[in-house]
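Okay, structure first, notes after.
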Amino acid sequence: MRRSMKECKDSQKINEFLSSAKVGCLGLCDGNLPYVIPLNFAWANEAIYFHGAAAGRKYEVMRANEHVCFTVSEELGTIADPVPANVGTAYFSVMLFGKVKLVEDLSEATEALQHLLDKHVPGYFQSPLSIKHVETYRSSMGSKTAVFKIEVEGLTAKEDPVNEEMAFYPGRTIMDDVKGRK
């Protein structure tokens, strides 16, 4: 990591971020071309879980090359500064590297899908997802839901926290910041 002063090594903070963030970007290599897909995910058991059809480009690319990158980021605000080159963005981001696997164990797949439901529609369903539902469900196109797991081999996290005194808000101008410097 080039800017090591921005690195976050706080595993609790990283876990909380991955547990609450809604969308991540799955980076794949389709031959010699990058292929990146935004998708919903769940962070559980130190792994990323997501679902999709057991057919199509994403599925075929993952079958051809299991090495992936998964990135999750959140913009926390824009930071103003009288020096244009110092205007920046407050953020938190995590990049995970590993191998993607099709989850073949029905219990693990059901648990992963339950994590997704708990994250995206907490409290909506009155009972847990059943293994039978996962086993028999077919989409309107007739495909079975496939659950995938990224087994994490490496992880980096970066953050640039919000400086509340310099946080940009609509209507703020450079004049607000240079008044106190005279």
Side-chain angles (χ1 to χ4, degrees), residues 1-3 6-75 91-122 124-125 127-159:
M1 181 176 301
R2 187 177 63 82
R3 299 191 73 193
K6 302 224 183 252
E7 185 174 13
C8 175
K9 293 185 178 187
D10 183 336
S11 60
Q12 181 177 343
K13 193 174 199 178
I14 293 166
N15 283 325
E16 287 173 4
F17 176 71
L18 290 172
S19 295
S20 65
K22 303 278 187 184
V23 177
C25 291
L26 175 65
L28 306 170
C29 190
D30 187 2
N32 62 350
L33 295 173
Y35 182 52
V36 179
I37 307 126
L39 46 79
N40 295 323
F41 71 96
W43 171 248
N45 307 315
E46 301 292 314
I48 295 288
Y49 289 93
F50 60 95
H51 68 87
R57 182 177 180 190
K58 176 176 64 179
Y59 183 74
E60 294 304 322
V61 171
M62 289 187 300
R63 282 185 54 197
N65 186 346
E66 67 183 354
H67 296 277
V68 299
C69 176
F70 192 80
T71 303
V72 183
S73 64
E74 184 174 340
E75 181 207 348
Y91 64 87
F92 194 91
S93 67
V94 176
M95 290 180 69
L96 302 109
F97 304 90
K99 293 179 182 169
V100 66
K101 306 284 185 195
L102 177 65
V103 176
E104 304 211 34
D105 178 74
L106 196 52
S107 294
E108 183 180 4
T110 303
E111 181 183 338
L113 291 170
Q114 185 64 55
H115 282 295
L116 280 160
L117 291 171
D118 291 344
K119 182 178 191 176
H120 295 283
V121 288
Y124 182 77
F125 294 100
S127 58
L129 187 61
S130 73
I131 287 178
K132 184 164 180 61
H133 178 78
V134 175
E135 185 176 37
T136 60
Y137 176 81
R138 297 297 179 266
S139 75
S140 61
M141 295 184 69
S143 66
K144 183 179 193 276
T145 299
V147 176
F148 302 94
K149 174 183 184 177
I150 299 174
E151 297 173 344
V152 179
E153 296 174 347
L155 179 152
T156 61
K158 285 176 66 175
E159 67 179 322

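In what follows, every heavy atom counts, from backbone to side chain, and hydrogens, waters and symmetry copies are set aside.
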Handout entry: Atom of Cys8, atom of Lys13 and distance for their closest heavy-atom approach
Key = SG-CD, 4.0 Å
Handout entry: Tyr49 vs Glu111, side chain to side chain donor-acceptor pair (under 3.5 Å): CA-CA, chis, key distance, verdict
Key = CA-CA 10 Å; Tyr49 289 93; Glu111 181 183 338; over 6 Å; no
Practice task
Find the distance between NE2 (His51) and CG (Leu39) and round it off to the nearest 0.5 Å.
Solution key: 9.0 Å
Problem - Non-hydrogen atoms of Asn15 and Glu46 that approach each other most closely - result: OD1-OE2, 4.0 Å
Problem - Partner of Val72 by side chain to side chain contact (heavy atoms under 4.5 Å, CB included), out of Val23, Leu18, Ile48 - result: Leu18
Problem - Exercise: identify the closest heavy-atom pair between Ser93 and Ser73 - result: CB-CB, 3.8 Å
Problem - Stepwise side-chain contact (heavy atoms from CB on, under 4.5 Å) test for Asp118 and Gln114 - result: CA-CA 6 Å; Asp118 291 344; Gln114 185 64 55; 2.8 Å; yes
Handout entry: Interatomic distance, Met62 atom CE to Ile37 atom CD1 [nearest 0.5 angstrom]
Key = 7.0 Å
Handout entry: Where at least one partner belongs to residues 17-45, residue pairs that pass salt bridge (Lys or Arg N to Asp or Glu O under 4.0 Å), sequence neighbours excluded
Key = Asp30-Arg57
Problem - From Tyr35, Phe148, Phe70, residue fulfilling side chain to side chain contact (heavy atoms under 4.5 Å, CB included) relative to Leu26 - result: Phe70
Below 3.5 Å, can you tabulate the donor-acceptor pairs from side chains in residues 95-102 to any protein atom, sequence neighbours excluded?
unit_1 : atom_1 : unit_2 : atom_2 : d
Lys101 : NZ     : Glu66  : OE1    : 2.7

Handout entry: Any residue meeting salt bridge (Lys or Arg N to Asp or Glu O under 4.0 Å) with Glu135, in chain and number order, not counting sequence neighbours
Key = none
Practice task
Verify the ring-centre separation between Phe41 and Phe50: is it less than 6.0 angstrom?
Solution key: no
Completion exercise
Rounding to 0.5 Å, atoms OG (Ser127) and NE2 (His133) come to a distance of 10.5 Å
Exercise for the section: Kindly give the heavy-atom pair with the smallest separation between His115 and Ala42, and that separation in Å. Expected result: CB-CB, 3.8 Å
Problem - Minimum heavy-atom distance Ser107-Ile131, with the two atoms named - result: OG-CD1, 3.8 Å
Practice task
Indicate yes or no for a side-chain donor-acceptor contact from Lys119 to the backbone of Ala21 under 3.5 Å, with no hydrogens or angles considered.
Solution key: yes
Practice task
With the side chain counted from C-beta on, respond yes when Val94 and Leu155 share a heavy-atom pair under 4.5 Å apart, and no when they do not.
Solution key: yes
Completion exercise
What one should report as the nearest heavy-atom pair of Ala109 and Val147 is CB-CG2, 3.9 Å
Problem - Separation between OG1 of Thr156 and CD1 of Ile14, rounded to the nearest 0.5 Å - result: 8.5 Å
